[in-house]
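Here the structure is laid out as structure tokens; the discussion comes afterwards.
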Amino acid sequence: MLGYPNDFISFSKSLSLARQDKNNIFISLVCEAKDSSVPFAVKDNICTLTTPTTCASRILDGYISPYEATVLTKLKKHDCFEVGKTNLDEFAMGTSSETSFYGPSLNPWDPTKVCGGSSGGSAASVAAGIVPFALGSDTGGSVRHPASFCGVFGFRPTWGRVSRYGLISMASSMDVIGIFSKTLNEVRWVFDVIKGFDRNDSTSYDVKENITFGSKKPKKVFVPKLKDLAKIVELYIFEDFEILIKDLAKENIDIQEIECDIFENSLPVYYLICYAEVSSNLSRFDGIRFGPKNNHHADVWRKDSLGEEVRRRILMGCHVLSEGHKEGLYEKAVHLRKHLSSTLNDWSKDGLLLTPTTPSVAFGINSKKDPISMYRQDFFTTAPSLAGVPAINIPWNKYKGLPYGFQVSSGVDMDENLINEALWINNFSKWTR
Ligand code: GLN
């Protein structure tokens, strides 16, 4: 059994906090605190045996999974126990945790604001000090985005390094289980426990490495062209980012500016692929297999039991896939994805990619009405998802009391190295914050 980082221990007795869930962070709670174990929270699209797994959807309200996710089995072997299932955007589709059937999670820093999404409840549970770490899922940014809005670390591992068995699929080619915590030490500890091959997930694998946890200075850092960035993010984020770049350059780190096109193009590519995979994955929610059996007409059923964003993606996915010829939208997106992946992986050979994580701090509940403005929140997070590479939100600063973070990403299987470089950047720039 791995030894725990010291920070874990003090949390096990403070679980009564979870009972005062004024912010709607949890969908269900599991049990009382156990003195000797490490509590953690689990996004409610990861299957547990003793509580319902709802994906924050009406169609799965009260659904009990017949099996448990591999990540949970592994954590339990290391004396960790789950305290509850956290709120999310319905089926993890969203960027604010507002599309939940159970209502939005409120940001612990300001309850009039969203937590980000889709793993908003998990990010909030760590930010509020209820648990030392939480699990989320990240398809196009759902760990990194809420981590930025809640001011905690959020780590998306390389696709395949952590078993997805028991994670309810959204877009399988990008879905990963990720980690929230207030320290990178804890992130690494949890990653070491949950990573590795699992015979229940044929896409999972082991990586032989012996990189120990410790700060490592990056040699080269790729950043978006500052003049482009100024048009994309709010001024306070831009100014902070500029300071960081200058500080890194003073440390003799090679700074390379890149065009913002890569992010601008990633957004439509991500959404096209996501729609296509969602429409296929969610075909099992046909009104027959899951949910109360009181209406046999699938179309009517779906309207009653699936929210607007989920239905939008299923329909868009059917459209995208039904084109079915070489020049179709889906085929174009897959082609662009390959190009994008090789670019990101090439950069990672001698450097890491550094960007803001979110274009702004947390916005007001109900303030974003149209899907496109919500999708643009994912501006910086979708490229690493498409490439399948690891990425981390480093909580950076606050604006008017609300946190925001910066994202670092690297190449396939460079997870341990990325955590070490993120630690260096986090520690190095502490004084500017
Ligand atoms: N916000 C993105 C979306 O709505 C990402 C969601 C996710 O990573 N699960 O698709």
Side-chain angles (χ1 to χ4, degrees), residues 42-46 55-57 86-100 104-105 114-123 134-150 154-159 162 164 167-180 263 266-282 306-317 320 333 337 357-360 362-363 368 370-393 407 409:
V42 188
K43 187 177 182 179
D44 205 18
N45 61 349
I46 298 176
C55 288
S57 179
T86 56
N87 206 355
L88 64 149
D89 279 299
E90 186 178 6
F91 280 104
M93 295 174 205
T95 321
S96 64
S97 301
E98 290 172 292
T99 68
S100 166
S105 281
V114 301
C115 296
S118 64
S119 317
S122 287
L135 299 180
S137 67
D138 187 311
T139 306
S142 279
V143 165
R144 293 158 283 156
H145 187 280
S148 172
F149 275 17
C150 291
F155 172 49
R156 171 196 166 91
T158 296
W159 187 86
V162 172
R164 285 181 293 124
L167 167 68
I168 296 184
S169 305
M170 174 185 164
S172 314
S173 75
M174 294 178 280
D175 292 344
V176 300
I177 290 180
I179 303 158
F180 296 95
F263 305 108
S266 292
L267 265 185
V269 170
Y270 166 80
Y271 274 95
L272 285 171
I273 292 176
C274 179
Y275 288 156
E277 295 189 22
V278 159
S279 80
S280 163
N281 274 328
L282 271 73
L306 296 174
E308 194 186 357
E309 183 59 26
V310 175
R311 281 182 282 130
R312 176 182 295 118
R313 293 196 193 200
I314 294 172
L315 290 175
M316 291 296 284
V320 166
R337 180 182 187 177
T357 308
T358 47
S360 66
F363 44 87
K368 282 201 193 301
D370 71 302
I372 302 294
S373 70
M374 193 66 92
Y375 293 174
R376 286 197 72 80
Q377 281 290 312
D378 306 326
F379 192 86
F380 295 107
T381 51
T382 55
S385 293
L386 287 162
V389 300
I392 302 177
N393 173 67
Q407 169 183 254
S409 68

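Whatever order the structure lists ligands and atoms in, that order sets their numbers, starting from 1. Computation of the quantities below employed the complete heavy-atom set of this structure, encompassing side-chain atoms and omitting hydrogens, waters and symmetry-equivalent molecules. Since the model is a prediction, treat every value here as computed from it, not as a measurement.
- Closest approach of Gly141 and Pro146 over heavy atoms only: O-CD, 3.8 Å.
- If you look at ligand 1, the protein residues with a non-hydrogen atom under 4.0 Å away are Ala92, Met93, Gly94, Thr95, Ser118, Asp138, Thr139, Gly140, Gly141, Ser142, Met170, Tyr270, Tyr271, Arg313, Asp378.
- Within the 4.5 Å cutoff, the side chain of Leu306 has heavy atoms near those of the Ile314 side chain.
- Partners of Met374 by side chain to side chain contact (heavy atoms under 4.5 Å, CB included), not counting sequence neighbours, listed by chain and number: Thr95, Ser96, Glu98, Phe363, Lys368.
- At least one donor-acceptor pair closer than 3.5 Å links the side chain of Thr357 to the backbone N or O of Gln407.
- Pairs of residues two or more places apart, or lying in two chains, that qualify as salt bridge (charged side-chain N to carboxylate O under 4.0 Å, His left out) and include a residue from residues 138-147 are Asp138-Arg144, Asp138-Arg156.
- Qualifying side chain to side chain contact (heavy atoms under 4.5 Å, CB included) partners for Ser100, counting only residues two or more places apart in sequence or in other chains: Ala56, Asn87, Tyr102.
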